[in-house]
Amino acid sequence: MPDVIYTGPDGRLEGRYHQSKEKNAPIALMLHPHPQAGGNMNNKVVFTLFHVFATRGFSVLRFNFRGVGRSQGTFDNGLGELSDAAASLDWLQSMNPDAKACWVAGFSFGAWIGMQLLMRRPEIDGFISVAPPANSYDFAFLAPCPSSGLIVHGDRDEVVPAADIAKLVGRLSQQRGITVESRTVKGANHFFHDCLDKLAVEVDRYVTGSMKEQEPKTEEKQ
């Protein structure tokens with residue numbers, strides 16, 4: 001899991017990168033929670049997501065937003081962080097030009113950034129959104145949501161009320177052509193303390209199933 005430094009829109013960005021041994025392996029980008037609340041790429045939820053995708057044969061990148069760790073720049077209220085995510089996806093794609101699929105996964109603030117990236121990058125095939133802050137950030141930009149994905153939250157989340165998650169899931173589920181699934185992890189708070197294994201199981205199950213569904217489509221195009 002080598003350290004990597006690459007050019008971002010406001011200076012260098014610091015990341016951790018796992019290169020799959022599989023030919024044309026799919027890629028996945030991990031996005032961490034709010035920088036001003038101590039969020040960084042080593043967050044336990046982010047690391048759990050990173051590990052799930054790496055175990056499933058993906059080439060995976062997690063990185064620090066501007067102003068966090070060794071990443072240069074200063075916090076930019078989401079706009080600059082979205083640019084950081086786009087630059088990170090560019091770097092990941094440059095390392096894997098023949099990747100057979102592209103995913104994005106984010107936790108809390110990172111989930112909000114990830115779903116914005118989803119709207120800007122049509123090559124993203126799927127998403128994982130963990131505890132998206134639907135009560136404090138506007139998700140109206142998902143009109144329509146371009147890709148299928150999974151939203152996971154804990155039933156003891158003290159930061160994002162379950163009603164706000166349900167409202168977001170309900171709105172996205174009404175859209176045609178995609179399927180947005182929702183999973184509730186029992187006993188989990190916003191940070192999934194003592195529930196990271198349960199989170200990993202839900203994400204792994206969804207990613208594995210989705211990749212199997214995409215295989216026939218890939219064969220048809222050939």
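Starting from 1, each residue takes its place in the sequence as its number.
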Which heavy atom of Ala101 sits nearest to which heavy atom of Asp125, and what is that distance? CA-OD2, 3.2 Å
side-chain contact (heavy atoms from CB on, under 4.5 Å) for Ile27 and Trp103? Distances and angles first, verdict last. CA-CA 6 Å; Ile27 58 176; Trp103 285 61; over 6 Å; no
In this structure, CD1 of Ile128 is separated from CG of Leu31 (nearest 0.5 Å) by 12.5 Å
If you take the centroid of each ring, where Trp contributes its six-membered ring, are Phe65 and Phe63 closer together than 6.0 Å? yes
Could you tell me whether a side-chain N or O of Lys186 sits under 3.5 Å from a main-chain N or O of Asp155, the two making a donor and an acceptor? no
Does Cys102 reach the side chain of Leu89, with side-chain heavy atoms less than 4.5 Å apart? yes
Parallel, tilted or perpendicular: rings of Tyr137 and Trp112 (30°, 60°): tilted
Donor-acceptor contact below 3.5 Å, side chain Arg70 vs main chain Asn64: no
Within the 4.5 Å heavy-atom criterion, are Ile151 and Leu168 side-chain neighbours or not? yes
Give a yes or no on whether the backbone of Ala200 and the side-chain of Thr48 come within a donor-acceptor separation of less than 3.5 Å. no
Do Gln93 and Arg121 have a side chain donor and acceptor closer than 3.5 Å? yes
Do you know the tightest heavy-atom contact between Ser20 and Ser59? N-OG, 3.0 Å
Tell me yes or no: between the side chains of Asn189 and His193, is some donor less than 3.5 Å from an acceptor? yes
Beyond-backbone contact of Ile178 with Pro146, side-chain heavy atoms, under 4.5 angstrom: no
Evaluate the side-chain contact (heavy atoms from CB on, under 4.5 Å) criterion for residues Asp76 and Leu79: first the C-alpha distance (whole Å), next the side-chain angles of each, then the deciding distance (0.1 Å), finally the verdict. CA-CA 6 Å; Asp76 193 31; Leu79 185 60; 3.8 Å; yes
His32 and side chain to side chain contact (heavy atoms under 4.5 Å, CB included): which partner among Ile113, Val68, Leu49, Asn42? Val68
Consider only side-chain heavy atoms of I, L, V, M, F, W and Y, link residues closer than 4.5 Å, and tell whether Phe141 and Leu117 are in one cluster. yes
Do Ser108 side-chain atoms and Gly110 backbone N/O form a donor-acceptor pair below 3.5 Å? no
Does the side chain of Thr184 pick up a donor-acceptor pair with the side chain of His153 at under 3.5 Å? yes
When every non-hydrogen atom of Arg120 is compared with those of Pro122, the smallest separation belongs to O-CD, 3.5 Å
Verify the distance criterion only: is there a donor paired with an acceptor across the side chains of Thr208 and Arg56 at less than 3.5 Å? yes
In terms of heavy-atom contacts, Ala87 and Pro9 come closest through CB-CD, 3.8 Å
Side-chain donor or acceptor of Gln175 paired with backbone N/O of Leu142 under 3.5 Å: yes
Will you find, in the side chains of Gln72 and Glu14, an N or O donor that is under 3.5 Å from an N or O acceptor? no
CG (Asp3) and CD1 (Ile5) are apart, to the nearest 0.5 Å, by 7.5 Å
Side-chain contact test, heavy atoms from C-beta onward, threshold under 4.5 Å: evaluate it for Phe127 versus Val180 and give yes or no. yes
Taking the side chain as every heavy atom from C-beta outward, state whether Arg16 and Met41 have any atom pair closer than 4.5 Å. yes
Parallel, tilted or perpendicular, as decided by the 30° and 60° cut-offs, for the rings of Phe75 and His34: tilted
Atom of Cys145, atom of Leu172 and distance for their closest heavy-atom approach: CB-CD2, 3.9 Å
Does Asp10 come within less than 4.0 Å of Arg66, counting only side-chain N to carboxylate O? yes
So, does Asn24 use its side chain to make a donor-acceptor pair with the main chain of Lys100 at under 3.5 Å? no
Could you check whether any side-chain heavy atom of Ser129 comes within less than 4.5 Å of a side-chain heavy atom of Val152, counting everything from C-beta outward? no
Would you compute the distance between atom CD of Gln36 and atom OG1 of Thr74 and round it to the nearest 0.5 angstrom? 9.5 Å
Can you see which heavy atom on Ala131 is nearest to which on Phe192, and at what distance? CB-CE1, 4.5 Å
Are there more than 12 heavy atoms of other residues, nucleotides or ligands under 6.0 Å from atom CZ of Arg156? no
Under 4.5 Å between side-chain heavy atoms, hopping through other hydrophobics if needed: is there a path connecting Phe191 to Val201? no
Please check if the side chain of Ser147 supplies one atom and the backbone of Ile124 the other of a donor-acceptor pair under 3.5 Å. yes
Assess the residue pair Leu13 and Asp84 against the criterion (side-chain contact (heavy atoms from CB on, under 4.5 Å)); give the C-alpha distance rounded to whole Å, side-chain angles, the decisive distance to 0.1 Å, and a yes or no. CA-CA 8 Å; Leu13 292 173; Asp84 294 342; 4.1 Å; yes
Do the side-chain N and O atoms of Ser88 and Tyr6 include a donor-acceptor pair separated by under 3.5 angstrom? yes
Give a yes or no answer on whether the side chain of Glu81 reaches the backbone of Gly78 with a donor-acceptor pair at less than 3.5 Å. yes
Could you check whether any side-chain heavy atom of His18 comes within less than 4.5 Å of a side-chain heavy atom of Phe58, counting everything from C-beta outward? no
Just do the side-chain contact (heavy atoms from CB on, under 4.5 Å) check on Phe107 and Asn43 with the steps written out, would you? CA-CA 9 Å; Phe107 168 44; Asn43 172 271; 3.4 Å; yes
With rounding to the nearest 0.5 Å, note down the distance linking CG in Leu29 to CH2 in Trp91. 10.5 Å
May I ask you to test the Val52-Thr55 pair for a side-chain heavy-atom distance under 4.5 Å? no
Ser148 (side chain) donor-acceptor with Thr179 (main chain) under 3.5 angstrom: yes
